[in-house]
Amino acid sequence: MPDGWGAPSLKPYVVVPTYNEADNIESVVRQILDAVPNAKVLVVDDSSPDGTAEIVQKLKDDGLSVEVMVRPEKAGLGSAYRSGFARALADGASACVEIDADLSHDPAKIPELLEALNGGAALAIGSRYVPGGRSPGLSRGRLLISRGGNLYAAFTLGLQVRDATAGFRAYRREALLQIDLGSVRADGYGFQVEMAYLVHSHGGRIEEIPITFRDRVAGGSKMSSRIVVEAMLLCTLWGLARIIPFFGKVEVQDRALRWFNQSYAGVEKVVSKAKATKALRP
Ligand SMILES: Nc1nc2c(ncn2[C@@H]2O[C@H](COP(=O)(O)OP(=O)(O)OP(=O)(O)O)[C@@H](O)[C@H]2O)c(=O)[nH]1
Ligand SMILES: [Mg+2]
């Protein structure tokens, strides 16, 4: 091993962000540990009102290799992963796996992701869009957003990754240590694209492993149009920064994000007012 840390699969942490996943969490934790018995599962829960964190704590009390990090309020998927990775790295994780709690990703595929890291990849992505990958049951609209977003990210960033928005992946410890996690700012799909772009920019190899992505069966989606638009805005800024360095400045990107968040909140207010008015009409 060139890094002196031994194989990435030796001490993997599987980070699971959760918000209201009480119906799924026990099953996903058990399936992860069945697939990777030497893993530590780290659930990052944003004080889910449905008691997700309490279920995880009970599993821990029953002796399963699981920890729960409870954060005070819902703060987004990207920030949940940033906190989880920081904790896992501090605990000496050899690799960090990302997986959704809603069983859209099959935990049985984690060993393949870790194998790719053992083979020298810095990032292994469970991909829907390489030969053998599938996403049955995904609505046409969702598929269009996902495929379109990936094409846009590949075009703006020059990234040779078919499924850069995928949330099922594994990073080598060293790949994460090279990245200043505090400066990663995207939240949903944008977070996945930003992380892949950063790994690529540091010269890390990215490997895609075909997976079958299933639509969630239980619990509700936290997907929103804000997440999609934020990802497109950030890809545009990063793409522009490749040609005009001005757009790569942290303060410029921060200003653009602030402007976007304020405008989006304004639009949301107007939309909800219009809906309320419509509902009151006789
Ligand atoms: N800690 C934390 N977890 C979150 C937050 N938002 C989403 N999650 C979790 O992130 C994972 C992905 O969220 P989903 O709602 O499944 O999003 P998605 O997969 O894009 O959407 P669906 O296909 O509709 O399920 C799930 O495990 C969620 O519980 C958040 O703000 N904080
Ligand atoms: Mg999901």
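Numbering of ligands and ligand atoms starts at 1, following listing order.
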| note | Filtering Arg71, Glu21, Lys74 for the heavy atom nearest atom 5 (C) of ligand 1 leaves Lys74

| message | Would you compute the distance between atom CD1 of Ile179 and atom CG of Leu198 and round it to the nearest 0.5 angstrom? | response | 5.0 Å

| query | Looking at Tyr189, which atoms of ligand 1 are within less than 4.0 Å of one of its heavy atoms? | reply | 20 (O)

| Hey, what's the ring geometry for Tyr197 with His200, parallel, tilted or perpendicular (30° and 60° as the breaks)? | parallel

| Are the aromatic ring centres of Phe213 and Phe168 under 6.0 angstrom apart? | no

| field | Distance-only N or O hit between ligand 1 and Asp45, under 3.5 Å | value | no

| message | I'd like the name of whichever of Glu73, Arg142, Arg214 reaches closest to atom 18 (P) of ligand 1 through any heavy atom. | response | Arg142

| field | The one among Thr18, Leu77, Asp102, Val16 that brings a heavy atom closest to atom 2 (C) of ligand 1 | value | Thr18

| Between Arg30 and Glu26, is the closest basic N to carboxylate O distance under 4.0 Å? | yes

| query | How are the rings of Phe85 and Tyr171 set to each other: parallel, tilted or perpendicular (split at 30° and 60°)? | reply | perpendicular

| field | Heteroatom N/O/S of Asp102 within less than 2.8 Å of the Mg ion (ligand 2) | value | yes

| From the candidates Pro17, Ala101, Ala80, Gly76, the one that places a heavy atom nearest atom 31 (O) of ligand 1 | Gly76

| task | Verify the neighbour count for atom CD of Gln160: are there more than 12 heavy atoms of other residues, nucleotides or ligands below 6.0 Å? | result | no

